[in-house]
Amino acid sequence: MKKLTLDKILQTQGFGTRKECRNLILHGAVGIGGEIVTDYQEAPDTADLNFTVDGEPWRYRAHVYVALNKPAGVECSRRPAVHRGVLSLLPDQFTLRDVQPVGRLDHDTTGLLLLSDDGVFIHAQSSPKRHVTKTYVATTQEPVTPELVAQLSTGVKLADEPAPLAAQARQLDTHQIEIILDQGKYHQVRRMLVAAGNHCVALHRSAIGGLTLASLGLAEGAWCYLDDAQMALLAPQ
Ligand code: URA
């Protein structure tokens with residue numbers, strides 16, 4: 001396979017246009033193996049390529065797969081209208097390489113959000129056919145009752161859905177319920193709670209498939225790259 005030149009490599013990693021990347025290299029901003037490289041036509045092997053830009057370490061990644069502990073007050077849309085956008089919590093390079101959220105959380109929902117620049121992965125994860133479960137913890141306005149749990153488990157009718165939607169549900173506390181969905185309809189948890197006669201006052205996503213936010217140890221607003229073992233947990237359980 002034809003090797004990429006260093007300017008092209010930097011471009012794929014989100015460091016700007018080809019010209020901007022050439023300039024970075026020519027100005028001595030880029031290092032490999034502790035040496036500054038000023039020849040942008042150098043074509044290092046991208047397998048296990050570590051490099052620095054202005055002293056900051058990077059690893060070449062054909063695609064990025066990241067998990068973010070999304071805080072409240074952050075929009076998942078690409079053109080945020082009211083609140084700050086989720087991409088503002090990640091390195092600028094991610095925006096340039098077109099990293100996007102995998103599905104959306106409401107601006108006031110917190111917790112586990114995946115982001116990637118791999119369109120195939122985003123599509124597969126978002127596909128309703130794939131049934132990757134999403135686990136939410138909802139804080140409710142009214143107390144959680146056995147009837148609420150039963151209603152959510154057997155199914156509630158939402159206005160624009162032809163059939164009732166059901167979820168796995170279990171009470172966690174007087175005003176807290178865990179709800180596990182294997183689809184992702186618009187505002188589904190909040191609407192299901194309203195349909196069941198309660199109201200969601202706070203919503204947190206604690207897991208996607210078998211990947212829990214707790215296992216990642218991310219502070220609010222922090223993110224990490226996902227390794228192969230973590231990626232493998234993002235499958236139907
Ligand atoms: N369900 C909702 O109602 N909101 C979310 O953000 C996610 C699931």
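Scope of the values below: all heavy atoms of this structure, side chains included, with no hydrogens, waters or symmetry mates. Whatever order the structure lists ligands and atoms in, that order sets their numbers, starting from 1.
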Review point. Does any N or O atom in H187 lie less than 3.5 angstrom from one in ligand 1, N or O only?
Key: yes
Review point. With under 30° as parallel and over 60° as perpendicular, where do the rings of F51 and F15 fit, or are they tilted in between?
Key: perpendicular
Check your understanding: How does L181 reach ligand 1, if at all, at less than 4.0 Å between non-hydrogen atoms: by side chain, backbone, both, or neither?
Key -> neither
Practice item. Check whether any N or O atom of R104, backbone or side chain, sits under 3.5 Å from an N or O atom of ligand 1, and answer yes or no. Key: no
Check your understanding: Should L89 and P71 count as side-chain neighbours, where that means a heavy-atom distance under 4.5 Å?
Key -> yes
Review point. Which ligand 1 atoms does Y136 reach within 4.0 Å, using its non-hydrogen atoms?
Key: 7 (C), 8 (C)
Review point. For R191 and ligand 1, does the shortest N/O to N/O distance drop below 3.5 Å?
Key: no
Practice item. Identify the heavy atoms of T109 and R190 that sit nearest to each other, and give their distance. Key: OG1-NH2, 2.6 Å
Exercise for review: Answer side chain, backbone, both or neither: which part of V189 comes under 4.0 Å from ligand 1, heavy atoms only.
Suggested key: both
Review point. When you check the side-chain N and O atoms of T139 and H175, is any donor under 3.5 Å from an acceptor?
Key: no
Practice item. Examine the side chains of Q13 and R97 and answer whether a donor and an acceptor come within less than 3.5 Å of each other. Key: yes
Exercise for review: For T109, counting its heavy atoms only, list the atoms of ligand 1 lying under 4.0 Å from any of them.
Suggested key: 4 (N), 5 (C), 6 (O)
Exercise for review: Provide, to 0.1 Å, the distance between atom 4 (N) of ligand 1 and the closest protein heavy atom, together with that atom's residue and name.
Suggested key: D106 OD2, 2.7 Å
Point to revise | Donor-acceptor pair between D118 and S116 side chains, under 3.5 angstrom | key: no
